[in-house]
Amino acid sequence: MATASHQRQRSRRRPGARFSAFGLLRQGLTRADWPRVWRHRDLAGSYDAVIVGGGVHGLATAYYLAKNHGMHNIAVLEKSYLGSGGSGRNTAIIRSNYLTPEGVRFYDRSVRLYEELACDLNFNVMFSQRGHLTLAHNDSSLRTMRWRAEVNSLEGVDSRVIDATEVARLVPQLDMSEHAHHPILGGLYHPPGGIIRHDAVVWGYARAADALGVHLHQGTELTGIDVVDGAVRGVQTNRGTISTPVVVNCTAGWASVIADMAGVGLPITTFPLQAAVTEPVRPFLDTVVVSGSLHVYVSQTARGELVFGAAVDPFPSYSMRGSLQFTESVAGHVLELMPALSQLRMLRQWAGLCDMTPDFSPVMGITPVDGFYVDVGWGTYGFKAAPVAGETMAELIATGKTPDMIAGFDLARFADGRLVGERGAAAVGH
Amino acid sequence: MLISCPLCGPRDATEFRYVDERRQRPDPEQASPQQWRDYLYVRANPSGPARELWLHRSGCRQYLFVDRHTLTNEVQTAALARTEGTR
Ligand SMILES: Cc1cc2nc3c(=O)[nH]c(=O)nc-3n(C[C@H](O)[C@H](O)[C@H](O)COP(=O)(O)OP(=O)(O)OC[C@H]3O[C@@H](n4cnc5c(N)ncnc54)[C@H](O)[C@@H]3O)c2cc1C
Ligand SMILES: [Zn+2]
């Protein structure tokens, strides 16, 4: 039972109160409970917009709708808990060294928003710009890297091809011998790339959206969308019906299921993607290291764990079970890169669902159904895009005009044959 | 995950290659560009029972029609695609 003084402290520190060093000290000394980060709300009968999916994309869209466009009567529906999808399962790599000029501009804007995010949300998202290194194991990948570096530099993104000596200096643990099965010839080095605390980004957006009046509904599953005369009228959920003129599909791996409710077909197939971490060790690996040929990437978290990632599973599925094939292959390939890690133990592995598109680019914007918007097709690379995706989707929903930055990512491109071809996002690139 | 190949018996899924959803190809004489592109890119991507085309790559190298539940990965049936014809 809470004492009277306890209750007073709770009510004083309401959700949305600003975090500060002084607040941390006071909280530590009084040892009172931390306030809830966002409020529990009753489901209203109507909203100006309903966002489906409580991952980083849905929450960012809600936040920018409220902050930049003054739309406060909106709700985010999440069937499980916030961040239970890909947003809580990814390996948190952020970068902007893509291949197409459109892609580079888009992801560069996202990196810039991430750089300001902790300040903007008053929440420490632990963005660590420790550098991102993609290894080249053959001449053809070196050639593509030179191309990428040129496009990146033209767009003002720090990205350059480095030789084997510089690779060895950056990451001394790599096996640089010529006899390696996949010898390392050089790499594409991208200093502003890095990793972030993905849960903190989710919680930070949720807390800031809640403070602006957005309703966050966990345990609330969308079960149907009412479309009348080609326009959205409302939705059905396990907690009741809501009338709304706008539904935004931010459900990543489940995007097809939601689009189906509105009768919209998507160029998306859902594949599981797995990752694993080792036990924590002392910091030794600064750079994020990626090898496309070996289908692996490695980074070290602030806690000291090594995070391993790979390519998507070989067949589509909505199951989030890990497989022994993944563990075996990722361990084998990591050891080819860094033989010294052979004594490390793996702590755990997990899977998340990825909404893969044929051109490694998202599907964003309007659909043939009036009021039904999509922000999907984020595949294996969508965490880094959340701020810019939220910002541009919010602008589209509030103003009715598609921002130039996302015009090329429209759903109609598939029917018109205008695919994007963003190989810079491919498979294990992240 | 096991797939029961009608020729080889139950084998681990790693022996097979997933090809695509099982779909009707539009008639080249009749199809509009829009229908072709739908056929090329749009997928049902069901969460639940799915009808798919697989190749027994490291076995008999035959194409199979596989009925699978995409939430549990349970395979209900696998039949030779060539005897069933294109459906
Ligand atoms: C292992 C792994 C590693 C990755 N690594 C990276 C990386 O390093 N860098 C990077 O940029 N990206 C990475 N990604 C991709 C990234 O995680 C996703 O693209 C991103 O998180 C998608 O965010 P989202 O908000 O769109 O979707 P999600 O976070 O998946 O959220 C969708 C939400 O919708 C909810 N939902 C589904 N159906 C319903 C319904 N009917 N009603 C209500 N809610 C529903 C789900 O419960 C879920 O919470 C990785 C992904 C995985 C799985
Ligand atoms: Zn066979």
Side-chain angles (χ1 to χ4, degrees), chain A residues 79 221-223 249 251-261 263-272 312-326 328-329 351 353-361 363 367-368 374 376-377 379 411-420, chain B residues 1-5 10-26 28 31-59 61 63-78 81:
Chain A
K79 69 170 174 177
E221 180 169 3
L222 190 84
T223 53
N249 182 358
T251 55
W254 297 268
S256 305
V257 179
I258 304 300
D260 211 35
M261 296 176 190
V264 171
L266 291 179
I268 283 179
T269 309
T270 296
F271 285 84
V312 291
D313 283 3
F315 55 88
S317 180
Y318 286 80
S319 152
M320 285 187 273
R321 278 179 64 175
S323 68
L324 184 60
Q325 286 98 315
F326 164 80
E328 267 188 322
S329 109
L353 301 185
C354 294
D355 39 344
M356 305 301 290
T357 59
D359 60 355
F360 296 97
S361 297
V363 187
T367 68
V374 286
V376 299
L411 175 60
R413 76 176 182 273
F414 296 94
D416 300 348
R418 294 180 275 113
L419 272 61
V420 181
Chain B
M1 173 177 153
L2 285 180
I3 298 180
S4 279
C5 174
R11 297 295 184 90
D12 193 82
T14 51
E15 284 191 8
F16 300 78
R17 182 166 70 84
Y18 170 81
V19 180
D20 204 341
E21 290 174 4
R22 184 172 160 190
R23 291 170 315 138
Q24 181 69 53
R25 185 165 167 246
S32 65
Q34 163 88 45
Q35 281 170 319
W36 269 116
R37 292 195 177 115
D38 266 13
Y39 172 69
L40 266 181
Y41 302 123
V42 176
R43 293 292 182 276
N45 193 25
S47 170
R51 290 153 60 84
E52 309 176 321
L53 186 64
W54 288 66
L55 171 69
H56 196 182
R57 179 175 44 181
S58 318
R61 302 193 62 81
Y63 283 92
L64 306 177
F65 287 144
V66 172
D67 286 356
R68 179 175 68 105
H69 197 285
T70 60
L71 262 172
T72 60
N73 286 339
E74 205 180 331
V75 174
Q76 275 90 28
T77 58

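When reading the values below, keep in mind they use all heavy atoms of this one structure, side chains included, and skip hydrogens, waters and symmetry mates. A note on names: the letters A, B, ... follow the listed sequences, proteins ahead of strands, and every chain is numbered from 1.
Scanning residues 253-261 of chain A against chain B with a 4.5 Å non-hydrogen threshold yields A:S256, A:V257, sorted by number.
Smallest separation of non-hydrogen atoms from B:I3 and B:V66: CG2-CG2, 4.4 Å. Residues A:F271 and A:D313 share a closest heavy-atom pair of CD2-O, 3.4 Å.
Only the backbone of B:P46 comes within contact range of chain A, with at least one heavy atom under 4.5 Å from a heavy atom of that chain. Within the 4.5 angstrom heavy-atom criterion, only side-chain atoms of B:R68, from C-beta onward, approach chain A. When heavy atoms are compared at a cutoff of 4.5 Å, B:W54 approaches chain A solely by way of its side chain, counted from C-beta outward. Using a 4.5 Å cut-off between heavy atoms, A:I268 touches chain B through backbone and side chain atoms alike. Looking at B:D20, neither its backbone nor its side chain comes within 4.5 Å of chain A, counting heavy atoms on both sides. Neither the backbone nor the side chain of B:A50 comes within contact range of chain A; no heavy atom of the residue lies under 4.5 Å from a heavy atom of that chain.
Partners of B:Q34 according to the side chain to side chain contact (heavy atoms under 4.5 Å, CB included) rule, which considers only residues two or more places apart in sequence or in another chain, are A:A415, B:S32, B:D38. For B:S58, there are no side-chain hydrogen bond (donor to acceptor under 3.5 Å, both in side chains) partners, not counting sequence neighbours. In this structure, the side-chain hydrogen bond (donor to acceptor under 3.5 Å, both in side chains) partners of A:R418, at least two apart in sequence or on a different chain, are A:D410, A:D416.
Looking only at side-chain heavy atoms (C-beta outward), A:R321 and B:N73 stay at 4.5 Å or farther from each other. For the pair B:D67/B:P49, no side-chain contact is recorded, criterion being any heavy-atom separation below 4.5 Å from C-beta on. B:L64 is listed as a side-chain neighbour of B:C5, based on a closest heavy-atom distance under 4.5 Å.
Taking the six-membered ring for Trp, A:F315 and B:Y18 have ring centres at least 6.0 Å apart.
Of the listed residues (A:P316, A:S317, A:P358), the one with the most heavy-atom contacts under 4.5 Å to chain B is A:P316. For the options A:P314, A:S319, A:G265, heavy-atom pairs under 4.5 Å to chain B are most numerous at A:S319. Comparing B:Q35, B:E21, B:R43, B:R17 by heavy-atom pairs within less than 4.5 Å of chain A, the highest count is held by B:R43.
Atom CD of B:Q76 has more than 12 heavy atoms from other residues, nucleotides or ligands within 6.0 Å.
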